[in-house]
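Okay, so here's the structure we're looking at.
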Amino acid sequence: MSQSVSINKLNEHVDQQVTLQGWMARNRPSGKVQFLVLRDGTGLCQCVIEKGVLPDDLFDQVKRLGQESSMAVTGTVRAEERSVGGHELAVTDVRIIGPAVDYPITPKSHGTEFLMRHRHLHLRSQRQWAIGKIRHTVVDAIRRFFNDNGFTLIDTPIFTTIAGEEVGSLFEVDYFGDPIHLTQTGQLYLETAAMSYGKVYCFGPTFRAEKSKTRRHLTEFWMVEPEVAFIDLPGLLELAETFVSSIVSRVLADNRSELEQLEADIPALEKIQAPFYRLTYTECVDILTSDRTRTFLAQQMTEFQTQKAIIESRISELETQQQGSVKQWQKDKIAAELIDLRSEQSELDTKIENNPKHAELAANFQWGKDLGGSDETIISMMHDKPVFVTHYPRKAKAFYMKTDRSNEQVVENFDCLAPAGFGEIIGGSVREDDYDTLINRVKEEGLTPENYSWYLDLRKYGTVPHGGFGLGVERTVAWITGEKHIRQCIPFPRMMDKVYI
Ligand code: 4AD
């Protein structure tokens with residue numbers, strides 16, 4: 001019996017006899033040799049099977065095996081630079097474990113709808129695998145950062161009795177006859193714990209019944225929220241920039257090959273270091289309504305139209321080829337490229353349609369409104385590092401945010417916008433710590449003060465300046481990987497219009 005090893009450890013076994021266990025990603029015949037690419041969850045390895053080495057009937061069975069058949073393959077490890085993963089296996093034995101026939105996801109492209117309905121299988125694809133590995137690192141980096149910096153983990157409840165964010169985005173649950181809600185944020189509970197431990201964080205699933213079908217919205221997402229006693233806004237910004245930089249540098253260190261595979265912008269990620277840009281909301285409004293933004297959006301429109309023309313000419317070239325006499329495999333290749341190009345074309349159509357709307361929204365932006373998705377995108381497009389936008393209008397923000405005592409129209413809050421058009425990944429603030437001001441804000445928002453009595457108590461018994469923020473995991477993973485839609489950044493996405501499996 002040879003030793004069972006994983007593909008990512010093959011470099012330790014060159015010239016040795018080993019057994020790999022996994023699934024067949026590809027199988028290509030070439031005369032009397034079968035090139036079978038095996039994946040085992042740690043990597044890919046080309047297994048070279050020569051006729052005559054295996055018994056004839058086994059060789060024939062292997063030849064006919066379908067994509068995703070599971071097997072154990074034994075052979076000698078050879079260093080082979082040209083091969084995927086840098087090693088090859090010269091096969092001496094194959095044990096078929098579970099044959100797969102007509103695996104629905106073939107190497108040719110499929111539409112999003114199809115892949116989402118096959119999410120249980122799509123998770124095996126190389127792209128999803130790489131995103132999952134990066135998500136794993138992001139989550140680990142988050143926990144490490146807080147654990148290494150004196151924070152205590154507090155698990156806040158998922159069933160909650162009060163609203164922490166907009167009441168309209170609460171999911172109601174029938175709790176033995178009483179209506180309660182799924183958590184939108186652990187923050188209010190976390191504030192109570194900050195008064196016990198000083199520095200705390202919670203990390204878990206979060207639910208928002210937001211009626212948004214955008215690429216940035218899920219109804220169930222993961223959020224990490226730190227909360228710190230005795231901190232001010234500059235302190236929070238410093239914490240957030242050190243934190244975000246630490247996540248990005250961990251991914252760069254641990255997942256370079258996955259980033260390369262996903263064609264993520266590695267040089268742009270290498271720039272993500274403190275200090276980040278700092279703009280007030282009022283400065284953002286000035287930017288949005290300026291000539292700079294008008295010119296910027298006009299340039300973007302020209303770029304979109306140029307890209308669209310290139311794509312359209314390639315589509316018509318491929319359509320002509322498709323009608324000619326080409327072999328079946330060439331037809332499949334053309335069909336796959338056409339699916340990708342048509343999806344890019346439809347994305348560009350949306351951008352071209354939205355550009356004038358976004359330009360109009362920006363030009364007519366009125367001080368006092370919350371920044372919308374398109375406004376954030378514009379600001380973030382103009383920067384190569386994350387941007388902190390601080391001091392939003394009090395009226396546009398949550399009741400718990402501290403009113404700025406030097407300008408009562410604004411609050412001491414911030415959003416962190418990831419660069420290059422990605423947009424918001426963090427929202428946070430200093431909390432209102434004065435009892436009377438807070439109770440007035442609760443009433444102003446039409447909330448019932450009695451429901452918040454325990455939260456208000458914190459301001460009665462040893463109140464202190466404190467604050468925190470929340471970072472969305474899926475948005476962070478999407479930004480780092482360059483994935484367009486955050487639904488690809490969680491294994492089983494839940495969206496407003498769709499829950500697939
Ligand atoms: O800005 P938000 O709403 O902040 C809070 O919930 C605060 N209570 C956090 C705090 O101060 N402790 O949300 C924080 C982050 C956003 O920046 C975004 O990354 C993510 O959570 N997020 C979503 N991600 C995916 N889908 C949604 N529907 C999201 N809503 C918010």
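Just so you know, residue 1 is the first one in the sequence shown, and it goes up from there. We count ligands from 1, going down the list as the structure has it; atoms in each ligand are counted the same way.
Using a 4.0 Å heavy-atom criterion, the residues that approach ligand 1 are E165, T185, Q187, R208, E210, R216, H217, L218, F221, M223, E225, Y400, E424, I425, I426, G427, G428, R431, G468, F469, G470, G472, R475, I486.
Between D140 and R143, no side-chain nitrogen of the basic residue sits less than 4.0 Å from a carboxylate oxygen of the acidic one, so the salt-bridge criterion is not met. Between E113 and K498 there is a salt bridge, since at least one side-chain N of the basic residue sits less than 4.0 Å from a carboxylate O of the acidic one. Salt-bridge annotation for R441 and E432: absent, with no side-chain N of the basic residue lying under 4.0 Å from a carboxylate O of the acidic one.
Figure legend: R215 and F422 shown as a cation-pi pair, the cationic atom lying under 6.0 angstrom from the six-membered ring centre and within 45 degrees of its axis.
Using bins of under 30°, 30° to 60° and over 60° for the plane-to-plane angle, the ring pair F276/F388 lands in the tilted bin.
Sequence neighbours left out, the pairs with a member in residues 370-385 that pass salt bridge (Lys or Arg N to Asp or Glu O under 4.0 Å) are R216-E376, K271-D384, D370-K397.
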